[in-house]
Amino acid sequence: IDMYVEGVMDLLEMIMVFPLQPADAKEKKLALIIERATTRYFPVYEKVLKDHGQDYLVGNKLSFADIHLLEAILATEEFKPDVLSAFPTLQAFKGKTSNIPTIKKFLQPGSQKKPPTDDELLAIVMNVFYS
């Protein structure tokens, strides 16, 4: 589980710091996120799920690794909605996992899911890190 979580964290860290990038670097950073997601990260998780033929990453039971992977998929789709087009096993994984009742409820509009960073919050973060 830890191994899968750490792999997903590498991608999520790129996504989390994206709003902090200077405007002139954002296009290049976004391209890097999509490139890494589709050539480095998602192919590995696609292969793992496909090769062992189970619904989840470890022990065929939902784990923190699965939740983390779903988070990375959803975050990447915010940048590129069709990012899973070449990954049918991950598409099925996303569908199954996001339809678990508690997760489905959390993902509904108006839920407590963290809203996207707005300009005011971004200014505070930039002041903390770069002052």
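Only heavy atoms go into these numbers, but all of them, side chains included; no hydrogens, no water, no symmetry mates.
One finds the OG atom of S98 at 9.0 Å from the CD1 atom of I73 (value rounded to the nearest 0.5 Å). Here L107 contributes atom CG and L70 contributes atom CG; the two are 6.5 Å apart, rounded to the nearest 0.5 Å. Remark: D66 CG to L49 CG distance equals 7.5 Å, nearest 0.5 Å. Remark: I15 CD1 to T76 OG1 distance equals 3.5 Å, nearest 0.5 Å. To the nearest 0.5 Å, the span separating OG on S85 from CD on Q91 amounts to 7.0 Å. The distance from the CG atom of L12 to the CD atom of E6 is 11.0 Å, given to the nearest 0.5 Å.
Between H52 and V48, the closest side-chain pair of non-hydrogen atoms falls below 4.5 Å. Looking only at side-chain heavy atoms (C-beta outward), S63 and H68 stay at 4.5 Å or farther from each other. The shortest distance between side-chain heavy atoms of T97 and L69 does not fall below 4.5 Å.
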Test log, rule side chain to side chain contact (heavy atoms under 4.5 Å, CB included), inputs I1 and L57: CA-CA 8 Å; I1 290 172; L57 291 168; over 6 Å; no
Just do the side chain to side chain contact (heavy atoms under 4.5 Å, CB included) check on Y4 and Y45 with the steps written out, would you? CA-CA 8 Å; Y4 292 132; Y45 292 97; 3.7 Å; yes
Run the side chain to side chain contact (heavy atoms under 4.5 Å, CB included) test on M9 and E71 for me, step by step, so that the C-alpha distance in whole Å, both residues' side-chain angles and the decisive distance to 0.1 Å come before the verdict. CA-CA 10 Å; M9 274 309 299; E71 180 182 12; over 6 Å; no
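Residues P43 and A37 approach most closely at CD-O, 3.6 Å, considering heavy atoms.
Evaluation of the side-chain hydrogen bond (donor to acceptor under 3.5 Å, both in side chains) test over residues 26-43, restricted to residues two or more places apart or in two chains, returns E35-T39. For residues 88-101, the pairs satisfying salt bridge (charged side-chain N to carboxylate O under 4.0 Å, His left out) are D55-K96, E77-K94, with sequence neighbours left out.
In this structure, the ring-ring contact (aromatic ring centres under 6.0 Å, His included) partners of F18, at least two apart in sequence or on a different chain, are F79.
Open room surrounds CG on D2; 12 or fewer heavy atoms of other groups in view lie less than 6.0 Å from it.
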